[in-house]
Amino acid sequence: MDSDTAFTDTQLVYVSFTRAWALLTDWDAAPVWMSGVDHMYAEGRPELGMAVDFTAGGHERTATITALDPGCSLTLTMSSGDVQTDYRYDLAQDGDNVRISLTVDVVVSDGLAEMAGEIRESVAEADGSQLRQFKEYAEASP
């Protein structure tokens, strides 16, 4: 695992590849499977540089799509002060289903270097079940 990586998870989701991508990028539905997110919004189809606005814990925040391979991979990046967090979702066909991986990297400024491990552990604790929750949501969706 890369020294910046807070965690990696992979789930086999029993939906089609195209359905998984559609659900993953349905910003309005994100609060169903993203713990702590109360509302998420972006206008249009995912594109590089797109802002994705969301509310979490009563705070307005913005993530930016910093890497995109439409239908296959998406990275959402959030910055808050001296901490940058990248959520990279990778989809791969697995028979009639899809295998989704989530890698979360947390980069901190030199000033927070001593706390980097604690910050990554906190992110892993908060978001470590995200893919399991996505799997449950996707498999139950009509």
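Atom set for the values below is all heavy atoms of this structure, side chains included, hydrogens, waters and symmetry mates excluded.
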inquiry  = I'd like to know whether Met34 forms a side chain to side chain contact (heavy atoms under 4.5 Å, CB included) with Met40, so could you lay out the CA-CA distance, the side-chain angles of the two residues, the decisive distance to 0.1 Å, and finally the verdict.
reply    = CA-CA 10 Å; Met34 285 185 170; Met40 186 172 271; 3.7 Å; yes
message = Before you tell me yes or no, could you show the steps for Asp96 and Tyr14 under side-chain hydrogen bond (donor to acceptor under 3.5 Å, both in side chains), namely the whole-Å CA-CA distance, both residues' side-chain angles and the distance that decides it to 0.1 Å?
response = CA-CA 8 Å; Asp96 291 336; Tyr14 296 100; over 6 Å; no
key: Worked verdict on Ser35 versus Gln130 for side-chain hydrogen bond (donor to acceptor under 3.5 Å, both in side chains)   = CA-CA 7 Å; Ser35 295; Gln130 191 180 102; over 6 Å; no
message = The test is side chain to side chain contact (heavy atoms under 4.5 Å, CB included); show your working for Tyr87 and Thr75 and say whether it passes.
response = CA-CA 5 Å; Tyr87 293 79; Thr75 301; 6.0 Å; no
message = Please determine whether side chain to side chain contact (heavy atoms under 4.5 Å, CB included) holds for the pair Val104 and Thr5, giving the CA-CA distance in whole Å, both sets of side-chain angles, and the decisive distance to 0.1 Å.
response = CA-CA 6 Å; Val104 179; Thr5 301; over 6 Å; no
ask   = Going through the checks in order, is the side chain to side chain contact (heavy atoms under 4.5 Å, CB included) test met by Leu102 and Phe7?
value = CA-CA 8 Å; Leu102 170 61; Phe7 72 92; 4.0 Å; yes
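Looking at Arg99 and Gln11, their side chains never come closer than 4.5 Å, going by heavy atoms from C-beta outward. Annotation: side chain of Leu76 is not in contact with side chain of Asp86 (no heavy-atom distance under 4.5 Å). Here the side chains of Val106 and Asp4 are not in contact, with every heavy-atom distance at 4.5 Å or above. A 4.5 Å side-chain heavy-atom check between Trp27 and Pro46 finds at least one atom pair inside the cut-off. Side-chain contact between Phe54 and Pro31: absent, with no pair of heavy atoms (C-beta onward) separated by less than 4.5 Å. No side-chain heavy atom of Trp33 sits under 4.5 Å from any side-chain heavy atom of Leu23. By the 4.5 Å heavy-atom criterion applied to side chains, Asn97 and Val15 are not counted as neighbours. A 4.5 Å side-chain heavy-atom check between Arg132 and Lys135 finds every atom pair outside the cut-off.
The CZ atom of Arg88 sits 6.5 Å away from atom CG of Asp105, with the distance rounded to the nearest 0.5 Å. The OH atom of Tyr89 sits 11.0 Å away from the CG atom of Asp9 when rounded to the nearest 0.5 Å. Rounding to the nearest 0.5 Å places CD1 of Ile119 at 8.5 Å from CG of Asp82. Taken to the nearest 0.5 Å, the CD atom of Glu47 stands 10.0 Å off from the CZ atom of Arg45.
Proximity of a side-chain donor or acceptor of Ser141 to a complementary backbone N or O of Tyr137 within less than 3.5 Å is detected. One N or O on the side chain of Gln93 and one on the backbone of Gly95 form a donor-acceptor pair closer than 3.5 Å.
Under the 4.5 Å side-chain contact rule for hydrophobic residues, Val107 and Met78 do not share a cluster.
Among pairs with a residue in residues 56-73, those fulfilling side-chain hydrogen bond (donor to acceptor under 3.5 Å, both in side chains) read Asp53-Thr62, Thr55-Glu60, Thr66-Thr77, Ser73-Asp90, at least two apart in sequence or across chains.
For the side chain to side chain contact (heavy atoms under 4.5 Å, CB included) test with Trp21, the passing option among Val98, Leu74, Ile100 is Leu74; the others fail.
Counting non-hydrogen atoms of neighbouring residues, nucleotides and ligands closer than 6.0 angstrom, the CD atom of Glu139 exceeds 12 such neighbours.
Minimum interatomic distance between Ala42 and Ala51 (heavy atoms only, all atoms of both residues): CB-O, 3.7 Å. In terms of heavy-atom proximity, Cys72 sits nearest to Phe17 at SG-CZ, 4.1 Å. The minimum heavy-atom distance linking Val108 with Val83 is given by the pair CG1-CG2, 4.2 Å. When all heavy atoms of Arg19 and Pro142 are compared, the closest pair comes out as NH2-O, 2.7 Å.
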